[in-house]
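Beneath this line is the structure, given in structure tokens, with notes to follow.
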Amino acid sequence: MLVDSHCHINFPELTGDLEGVMSRMQAAGVTHALCVSVSLGTLPEVLAIAERFPNIYASVGVHPNQHGEAEPTADRLAELAAHPRVIAIGETGLDYYRETGDLHWQRERFRIHIRAARRCSKPLIIHSRQAPEDTLAILKSEGANEVGGVMHCFTESLSVAQRAMAMNFYISFSGIVTFSNARELQEVARNVPLERLLIETDSPYLAPTPYRGKTNEPAYVRRVAEQISEIKEIGFVEVAEATSANFFSLFKVTHE
Ligand SMILES: [Zn+2]
Ligand SMILES: [Zn+2]
């Protein structure tokens, strides 16, 4: 059993072939996936997928690179997260790579999400790019350790991973960990304890080797698990079982 802890199967690259996505998941042994929201405008699409497929869960959040929507309030996010298929708040966080200038608004949006997560007692899905110190500082000052969550598509140092883990966060590795130029990240993955580790595709982006450059999809999370098993020199089944158990424990999901 494998779980893709972060995908966007509502995006145009994948949503036209959901039946195909589901059957390839099943063939690859990927039993569940979390379809992560990036805006409130597209939330109904995400919820519709999670309502249609019992093995797909949903989250509620506005991505740090999302523009053109009214800023959500913590009340509004918590209210939307009451939907029975919603298991997390996010993705939220800081992205200093794709945004420049005064990013006060992005930090405020991040804080609002943490407050919403605490209000509804759901874990956070954190997107952090070129902003590790500010991300950790805001998680700390808003008391995010109370709900915990996941540092998704992790590409930072072991020190950042350790400080996030100390605040009840899991570390999720994507297809990036399979890239031949990702030696440093592979070293981080080796040192993140298996009981704190999640795997994801972030599909349709970041297809793992040997599918690099193609459209990514949840079935390919198997390649991430294989890579983790090689890096840590442990069995594939052990990685699959641990990362799946971590997913269900973090998101408090009961499943058949
Ligand atoms: Zn992200
Ligand atoms: Zn994402």
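First listed ligand is number 1; within each ligand, the first listed atom is number 1.
The Zn ion (ligand 1) lies at the vertex of an angle of 90° between the OE1 atom of Glu91 and the NE2 atom of His152 (rounded to 10°).
The Zn ion (ligand 2) sits nearest to atom OD1 when only the N, O or S atoms of Asp202 are considered.
A distance-only check finds no donor-acceptor pair linking the side chain of Arg212 to the backbone of Gly175 [under 3.5 Å].
Taking backbone and side-chain atoms together, His127 has an N/O/S atom less than 2.8 Å away from the Zn ion (ligand 1). The Zn ion (ligand 2) has an N, O or S atom of His8 closer than 2.8 Å.
A side chain to side chain donor-acceptor pair (under 3.5 Å) with His127 holds for exactly one of Thr135, Thr92, Asp95; it is Asp95.
Residues Glu13 and His8 have side chains that never bring a donor and an acceptor to within less than 3.5 angstrom of each other. For the residue pair Glu142/His113, the side-chain donor-acceptor check at 3.5 Å is not satisfied.
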